[in-house]
Novice: 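What follows is a structure written as structure tokens; I'll ask about it next.
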Amino acid sequence: DAGVTQSPTHLIKTRGQQVTLRCSPKSGHDTVSWYQQALGQGPQFIFQYYEEEERQRGNFPDRFSGHQFPNYSSELNVNALLLGDSALYLCASSLRSGTGNSNQPQHFGDGTRLSIL
Amino acid sequence: AQSVSQHNHHVILSEAASLELGCNYSYGGTVNLFWYVQYPGQHLQLLLKYFSGDPLVKGIKGFEAEFIKSKFSFNLRKPSVQWSDTAEYFCAVIPIKAAGNKLTFGGGTRVLVKP
């Protein structure tokens, strides 16, 4: 049973560039969430996708955008990269059930380490 | 907006010692509570969760946590740690009436167990 897979594992970019990170959810999951984990901090919620639409969003600027595909995989795009965007980007998947899925545990991938020079 | 506080950033202890990590949250309504662990070089894994019922919940690897509603706390405990418990531990909450399952994490506690 495949867990959550993310690619690439590491990425180095320069300020002003754009980046795309990818995530394949755990088999059977239909909801994908993205988190940013800066060094020494806990993960912070960026947004969540379900049925190919952004359903929830955290306190991140519009430079952060995403997409979910019909096969439930997802991409995170960041434009106009800043030094402060250097972080570990985590993807988590879960199964949405009914209208209240707050009790559905999320399964995390290994993350993509993004470094901005 | 809800927030989660973990009192200790770093904990160092010897094998067989007891471990207790504090977690407090600020949210007036009912919440689901989680502890995640991140072993060196590995992804975040769910240790245990509390949704309702018995406030003392048991998780994997001998960990347990106690939900004290009056104190808005969900402290993690293990009676006797092993070297393999060296990891970073994160407390997280989801408001039970939330439309989705967005996790709000604490800042994490790094635990180093000396052999």
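Every chain is numbered from 1 and lettered A, B, ... according to where its sequence line falls, protein lines coming before strand lines.
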Novice: Looking at Asp54(B), I want to see if its CG is surrounded by more than 12 non-hydrogen atoms of other residues, nucleotides or ligands under 6.0 Å.
Specialist: yes

Novice: In the single-linkage hydrophobic clustering (I, L, V, M, F, W, Y; side-chain heavy atoms under 4.5 Å), do Leu112(B) and Leu21(B) co-cluster?
Specialist: no

Novice: Name all residues meeting the side chain to side chain donor-acceptor pair (under 3.5 Å) criterion together with Tyr35(A); count only those two or more places apart in sequence or in a different chain, and write none if there are none.
Specialist: Gln106(A)

Novice: Is it the side chain or the backbone of Leu46(B) that comes within 4.5 Å of chain A heavy atoms, both, or neither?
Specialist: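 For Leu46(B), the side chain is the part near chain A, not the backbone.
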
Novice: Are Phe45(A) and Val78(A) connected, step by step, through hydrophobic side chains (Ile, Leu, Val, Met, Phe, Trp, Tyr) whose heavy atoms are closer than 4.5 Å?
Specialist: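 No: no chain of side-chain contacts under 4.5 Å links Phe45(A) to Val78(A).
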
Novice: Inspect the surroundings of CZ in Arg55(A) and state if more than 12 heavy atoms from other residues, nucleotides or ligands are less than 6.0 Å away.
Specialist: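 It does: Arg55(A) CZ has more than 12 such atoms within range.
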
Novice: Nearest 0.5 Å please: distance from the CG atom of Leu44(B) over to the CG atom of Leu88(A).
Specialist: 8.5 Å

Novice: Heavy atoms under 4.5 Å from chain B: which residues of residues 63-75 of chain A carry them?
Specialist: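 Near chain B, by residue number: none.
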
Novice: Does any backbone or side-chain atom of Gln37(A) lie under 4.5 Å from a heavy atom of chain B? Answer side chain, backbone, both or neither.
Specialist: side chain

Novice: Determine, using ring centers only, whether Phe108(A) and Tyr36(B) are less than 6.0 Å apart.
Specialist: yes

Novice: If we define contacts as heavy-atom pairs under 4.5 Å, which of Gly41(B), Ala92(B), Gly107(B) has the most with chain A?
Specialist: Gly107(B)

Novice: Within the supplied structure, the quantity of interest is the number of heavy atoms (other residues, nucleotides, ligands) at a distance under 6.0 Å from Arg57(A) CZ; does it exceed 12?
Specialist: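 Buried by this count: over 12 neighbours within 6.0 Å.
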
Novice: So for Gln38(B), is it side chain, backbone, both, or neither that comes closer than 4.5 Å to the heavy atoms of chain A?
Specialist: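 Interface part for Gln38(B): side chain.
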
Novice: Between Phe47(A) and Leu81(A), is there shared hydrophobic-cluster membership here, with clusters defined by ILVMFWY side-chain heavy atoms closer than 4.5 Å?
Specialist: yes

Novice: Counting only heavy atoms not in Leu39(A), do more than 12 fall under 6.0 Å of its CG?
Specialist: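 Counting other residues, nucleotides and ligands, CG of Leu39(A) stays at 12 neighbours or fewer.
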
Novice: When you group the ILVMFWY residues by side-chain heavy-atom contacts below 4.5 Å and let the links chain together, are Leu19(B) and Tyr39(B) in the same group?
Specialist: yes

